[in-house]
Amino acid sequence: SYSGYFGIQNATALMDRMNSADAAYYYNKALERSGKAPRFSEEAIQKFRDGSDPYNYPNTDWYGLAFKTAWQNRHSVNITGGNEFVKYLASAGYLMQSSILPNAGREQFNGRANLDMVLSKRITAHLNLAYIQNNYRDASSAYAGGSSDQIIRQLNIIAPWIVYKYEDGTYGTVSDGNPMAWLESGMTVNRNNRNFTGMIGLDYQILKDLKLTLQGAYVDASQRYSYFQKYIQYNPNKASDPNKLEIAHYDWHRTTFDAFLNYDKSFAKHNIKAMLGWHTERFKYLPDWMYRKSFPNNDLTDMNAGDASTQQNAGNTRELAMVSYFGRLNYDYAGRYLVEFSFRYDGSSKFAKEKRWGFFPSVSAGWRISEEAFMKKYSNVLDNLKLRASWGRLGDDEAVEGFQYLEGYTYPYSSYILGSEVIRTVVPKGLANRNITWYTSDIYNFGLDFDLWHGKLSGTVELFYRH
């Protein structure tokens with residue numbers, strides 16, 4: 001199957017800006033009320049109003065100059081099929097979206113493939129693959145660059161009496177520059193994002209009520225960031241900062257493996273569900289950054305064209321790993337009395353070996369009072385009445401800075417010049433803390449759920465405490 005659409009976009013919620021004559025008039029009034037002399041004469045205000053001298057007394061419509069109609073189109077193709085032994089799905093998509101600001105936009109490619117296979121009466125397998133690539137361009141300024149934020153800010157605040165361009169083609173400016181000069185330079189911030197996710201799984205029905213699930217997944221994500229800030233000579237009296245180039249690469253890799261053993265059994269009015277699981281994951285993050293400025297011109301945009309004496313760079317590696325054992329046991333009698341016990345036993349590479357593992361149990365119970373025989377006389381009014389209580393202990397390693405148990409050094413910490421050499425210094429990170437471990441929280445919850453008059457009124461009363 002195929003689906004697609006085309007659309008347009010326009011800026012619709014813009015401020016109503018005054019023209020130059022009105023803005024100058026009210027600016028004078030504000031100065032007068034502050035005890036200051038007016039800035040604009042009556043003759044100047046009249047020239048703003050009649051447009052007789054558009055270069056010296058302009059009435060610039062900054063919104064009209066900058067914002068434009070944007071368009072977008074999306075296309076997708078899907079294929080599905082199979083039989084009782086094999087089922088498959090494949091899809092591909094493309095999106096092209098321009099922006100209401102010049103030079104900005106987005107281009108996206110995405111693809112997906114799913115495959116489910118029956119290998120035997122007891123074994124099934126599945127494979128899921130997904131890929132997406134997003135290329136973003138954002139217009140940027142030559143003042144506090146790196147995004148279109150400064151452009152939009154200036155379009156909102158720059159006075160209409162500032163000329164867009166003089167008769168000789170040079171730009172009028174405020175202290176930050178000219179937003180139209182930034183847009184017309186064509187400079188952009190580019191972010192190219194890629195993400196691949198792959199997962200393979202196997203289900204084995206060991207017994208009628210017992211199933212084993214094994215699965216592994218891999219995620220590979222990356223971003224290339226590049227921004228060349230151009231040098232702009234607005235007019236003979238004002239220019240931007242020297243041009244510069246900033247490039248960064250970010251890579252993320254995550255590998256996970258899971259195993260689940262599920263048991264589901266019902267007999268008479270008893271229902272039992274149990275699950276045991278194992279999970280392990282490894283995460284790796286690699287950021288790199290480089291910078292130079294003072295390029296010979298705006299056309300030479302490779303990093304080696306910049307002034308080598310201005311170069312900077314940075315990079316590091318971050319790795320984390322976790323192993324978890326977990327389980328859950330559910331029991332209910334006739335859907336009336338319900339009990340659940342669960343646990344996690346987690347180990348994190350953030351902590352020293354003797355503090356690496358944490359045990360986090362929880363228990364809950366529920367009583368559906370409305371299912372009791374003595375409540376049947378109220379069944380025309382009461383649909384459901386359930387009393388429940390739970391306690392659980394949660395562990396958190398996200399809020400903890402990792403590897404505090406290791407002694408180490410910060411390098412380079414600073415630098416100094418000795419003769420003609422730059423000497424980089426190293427300093428100890430401080431005392432290692434081998435006692436740091438999981439943050440834990442105990443959570444207590446009591447609740448009452450009710451449904452009345454065939455669902456016309458329902459509610460919950462909760463008592464929650466976290467320590």
Side-chain angles (χ1 to χ4, degrees), residues 8-70 98-104 138-189 227 229-244 293:
I8 61 172
Q9 296 173 310
N10 285 289
T12 57
L14 299 174
M15 293 187 297
D16 292 329
R17 300 290 305 271
M18 289 185 184
N19 58 46
S20 292
D22 291 342
Y25 172 80
Y26 285 107
Y27 186 68
N28 279 352
K29 290 295 183 184
L31 292 173
E32 291 172 1
R33 292 181 179 181
S34 301
K36 300 176 182 178
R39 173 178 174 179
F40 300 101
S41 66
E42 291 294 332
E43 180 184 5
I45 293 175
Q46 181 56 40
K47 287 184 178 181
F48 283 136
R49 196 175 303 280
D50 61 31
S52 58
D53 188 356
Y55 294 109
N56 294 309
Y57 298 91
N59 181 30
T60 306
D61 178 8
W62 292 104
Y63 285 164
L65 289 170
F67 293 115
K68 62 186 182 66
T69 297
S98 64
S99 171
I100 58 174
L101 284 176
N103 312 317
D138 191 13
S140 186
S141 73
Y143 176 86
S147 73
S148 57
D149 292 354
Q150 181 68 9
I151 296 175
I152 295 172
R153 176 180 177 271
Q154 282 298 331
L155 292 174
N156 285 330
I157 65 174
I158 191 169
W161 60 67
I162 302 298
V163 67
Y164 154 49
K165 276 185 178 180
Y166 292 106
E167 194 170 6
D168 60 1
T170 60
Y171 291 96
T173 59
V174 292
S175 59
D176 295 349
N178 182 311
M180 286 308 302
W182 303 332
L183 290 173
E184 291 178 352
S185 73
M187 60 182 156
T188 60
V189 179
Y227 171 50
Q229 181 171 299
K230 296 184 177 181
Y231 171 76
I232 300 175
Q233 184 73 50
Y234 301 105
N235 54 54
N237 300 314
K238 187 171 180 62
S240 69
D241 291 335
N243 48 20
K244 61 182 181 180
K293 68 177 182 178

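One is the number of the first residue; the rest follow in order along the sequence. The figures here come from the full heavy-atom set of this structure, side chains too, leaving out hydrogens, waters and symmetry mates.
No side-chain heavy atom of L183 sits under 4.5 Å from any side-chain heavy atom of L65. Counting only heavy atoms from C-beta outward, the side chains of P160 and R17 approach each other to under 4.5 Å.
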Show the numbers, then the answer: is there a side chain to side chain contact (heavy atoms under 4.5 Å, CB included) between I157 and V174?
CA-CA 11 Å; I157 65 174; V174 292; over 6 Å; no
Run the side chain to side chain contact (heavy atoms under 4.5 Å, CB included) test on L101 and I152 for me, step by step, so that the C-alpha distance in whole Å, both residues' side-chain angles and the decisive distance to 0.1 Å come before the verdict.
CA-CA 9 Å; L101 284 176; I152 295 172; 4.1 Å; yes
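Checked by atom type, the side-chain pair D138/S147 shows no donor-acceptor distance below 3.5 Å. Side chains of T173 and N178: a donor-acceptor N/O pair is absent below 3.5 angstrom, by distance only.
Contact between K230 and S240 at its shortest, heavy atoms only, is O-OG, 3.7 Å. Annotation for A139 and A104: closest pair N-CB, 3.9 Å, computed over non-hydrogen atoms. Contact detail for Y171 and M180: the closest heavy-atom pair is CE2-C, 4.3 Å. The two residues S141 and W182 have their closest heavy-atom pair at CB-CE3, 3.3 Å. The two residues A66 and P102 come nearest to each other via the heavy atoms O-CD, 3.3 Å. Scanning both residues, A11 and I100, for their nearest heavy atoms gives CB-CD1, 3.8 Å.
Under the side-chain contact (heavy atoms from CB on, under 4.5 Å) criterion, Y166 pairs with V163, D168, T170, sequence neighbours left out. Every salt bridge (Lys or Arg N to Asp or Glu O under 4.0 Å) that D176 has, sequence neighbours left out, goes to R153. Remark: D61 pairs with no residue by the salt bridge (Lys or Arg N to Asp or Glu O under 4.0 Å) rule, at least two apart or across chains. Residues passing the salt bridge (Lys or Arg N to Asp or Glu O under 4.0 Å) test with E42: none are found, sequence neighbours excluded. Here K165 pairs with E184 under the salt bridge (Lys or Arg N to Asp or Glu O under 4.0 Å) rule; sequence neighbours left out.
Here CG of N103 is found 10.5 Å from OG of S140. Values are rounded to the nearest 0.5 Å. Rounded to the nearest 0.5 angstrom, K68 NZ and Q9 CD are separated by 10.0 Å. To the nearest 0.5 Å, atoms CG (N59) and CD1 (I162) are separated by 12.5 Å. Interatomic distance, NZ of K47 versus OG of S41, reported as 8.0 Å (0.5 Å rounding).
Other residues, nucleotides and ligands contribute only 12 or fewer heavy atoms inside 6.0 Å of the NZ atom of K293. Around the OH atom of Y231, the shell of radius 6.0 Å holds more than 12 heavy atoms that belong to other residues, nucleotides or ligands. Annotation for Y63: atom OH counts as buried by contact number, over 12 foreign heavy atoms lying within 6.0 Å.
Each ring-ring contact (aromatic ring centres under 6.0 Å, His included) pair with one or both residues in residues 32-62, not counting sequence neighbours, appears once here: F40-F48, F40-W161, F48-Y57.
Looking only at distances, a side-chain donor or acceptor of K238 sits under 3.5 Å from a matching main-chain atom of S175.
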